[in-house]
Structures are given as structure tokens and as C-alpha cells.
Amino acid sequence: SAFKKDFDPSTSPFHVHVTRLTKSGGVVVRNKEYRSRTRMRRTREYFYGKNDVLSPHSTIVKFSDVVFCRVGSTTKAPASALPIGQKSAVDPCEVRVIEPNEQLKFNIVGVSFATNEQDVLLKNIYGLVYVSAVDVEKKEITLLSPSPGSLPSKYLVVGSLEWLD
């Protein structure tokens with residue numbers, strides 16, 4: 001599997017053992033559309049609560065007050081594109097700092113417990129915030145969070161989850 005290849009013991013500092021389990025009785029396979037709708041509904045509930053009983057808070061932060069990090073590479077050459085016998089040099093555990101830009105808009109990002117870039121992989125997250133606006137000219141980002149107040153950490157972990165509120 002791709003997971004095993006990404007965490008190959010000869011190239012990765014992390015030891016991962018993958019065990020395949022059989023599906024237990026009653027398992028229902030969900031299609032991609034159903035999973036997407038469910039994910040969007042659960043994301044909305046995270047910020048607004050069930051039946052919209054909560055009021056999330058909007059906060060404006062300066063680019064200089066936050067550090068956006070992404071884990072792993074955004075592009076990876078397929079094994080068929082590599083010379084025979086060569087392995088990809090891409091590190092799936094690489095933490096990269098990314099500059100704030102318009103592409104962050106509509107992203108759900110994790111607020112990390114990390115106190116530096118190297119700790120992003122090792123620390124948990126406080127919770128999630130939603131990037132509702134990015135103003136490149138003013139160098140400000142508008143974040144929607146489930147609770148009021150400033151961010152507890154400046155390290156924000158960007159994934160691939162987008163949400164259109």
C-alpha cells in the first residue's frame with residue numbers, strides 16, 4: 001500500500017506496522033458523495049453546534065502572528081516515473097512552512113500545541129479554525145473559531161480539508 005511505501009523503515013524515522021483486518025459483520029460501505037456530505041455537516045456542527053445553537057467567533061490575525069505549516073510534500077512522482085530501483089526522496093513527514101496566500105481561504109486548519117516548527121509532527125492540536133478571508137494587501141487573515149479570544153498558539157497546520165460555509 002502507499003502507506004507502507006511512505007513509511008518504509010529504510011527511509012523513514014518512524015516505525016509503522018500495518019495489519020490488515022477483515023471487515024466485521026454489518027459494515028456498510030459508504031460512497032464518496034455520502035462521506036463528503038457527512039464531513040461537511042460535521043464540520044458545520046463543530047463551529048455552529050447541532051441545530052445551530054452555537055455562535056462561532058471571527059478573529060483577524062496578522063500574517064506575522066501565525067505560522068502556517070504543511071506536513072509532507074504536495075507533489076510526489078509516481079513510482080513509474082522514477083528510474084528503475086530508485087525510491088522517492090520525498091519525506092512524508094517533512095514539515096514545511098508556507099506563506100499565507102489566497103489559496104488558504106476556505107481551509108480548515110489545526111491549531112497546534114507546537115512551540116516550534118519541528119514540534120508540529122509531535123504535538124497534538126488544540127482544535128480547528130476556519131480561514132474565512134485572506135487580505136494579502138493588509139497582510140491579515142480572518143479566522144472563524146468555535147470560542148472567543150486569541151489563538152493559543154501561532155502554529156497552524158494546513159491539511160486538505162476545505163469547507164464552504
Q: Looking at residues at least two apart in the chain, or sitting in another chain, which of them share a side chain to side chain contact (heavy atoms under 4.5 Å, CB included) with R20?
A: none
Q: With sequence neighbours left out, write down each residue that passes side-chain hydrogen bond (donor to acceptor under 3.5 Å, both in side chains) with D52, or none if nothing qualifies.
A: R44
Q: May I have all residue pairs that pass salt bridge (Lys or Arg N to Asp or Glu O under 4.0 Å) and include part of residues 137-159, sequence neighbours excluded?
A: K62-E140
Q: Nearest 0.5 angstrom please: N31 CG to S36 OG, how far?
A: 10.0 Å
Q: Which hydrophobic side chains are connected to V53, either touching it within the sub-4.5 Å cutoff or through other members that do?
A: L54
Q: Strictly by salt bridge (Lys or Arg N to Asp or Glu O under 4.0 Å), give each pair with a member in residues 100-129 just once, sequence neighbours left out.
A: none
Q: Is there a side-chain contact between V120 and V157 (heavy atoms, below 4.5 Å)?
A: yes
Q: Apart from V129 itself, what residues make up its hydrophobic cluster, given side-chain heavy atom links below 4.5 Å?
A: V61, F63, V66, F68, I98, L104, V109, V111, F113, Y126, V131, V134, V136, I141, L143, L151, L156, V158
Q: May I ask you to list the residues sharing a hydrophobic cluster with V27, side-chain cutoff 4.5 Å, ordered by chain and number?
A: none
Q: Look up atom CD1 in I108 and atom CG in L144, then write down how far apart they are to the nearest 0.5 Å.
A: 8.0 Å
Q: Does R39 have any side-chain hydrogen bond (donor to acceptor under 3.5 Å, both in side chains) partners at least two apart in sequence or in another chain, and if so, which?
A: none
Q: Donor-acceptor pair, R70 side chain versus G159 backbone, under 3.5 Å?
A: yes
Q: Let me confirm one number: the CZ-OG distance from F47 to S132, rounded to the nearest 0.5 Å.
A: 9.5 Å
Q: Does E99 have any side chain to side chain contact (heavy atoms under 4.5 Å, CB included) partners at least two apart in sequence or in another chain, and if so, which?
A: none
Q: State which residues pass side chain to side chain contact (heavy atoms under 4.5 Å, CB included) with T38; sequence neighbours excluded, sorted by chain then number.
A: Y34, R41, R42
Q: Which distance, rounded to the nearest 0.5 Å, do you find between the CD of Q118 and the SG of C69?
A: 9.5 Å
Q: Can you name the nearest heavy-atom pair linking F106 to L164, along with the distance?
A: CG-CD2, 3.5 Å
Q: For Y130 and W163, what are the C-alpha separation, side-chain angles and deciding distance, and is it a ring-ring contact (aromatic ring centres under 6.0 Å, His included)?
A: CA-CA 8 Å; Y130 171 69; W163 178 52; 4.9 Å; yes
Q: Once side chain to side chain contact (heavy atoms under 4.5 Å, CB included) is applied, do any residues pair with V28, and if so which ones, sequence neighbours excluded?
A: R30
Q: Okay, side chain of S153, backbone of S112: is any donor-acceptor separation there less than 3.5 Å?
A: yes
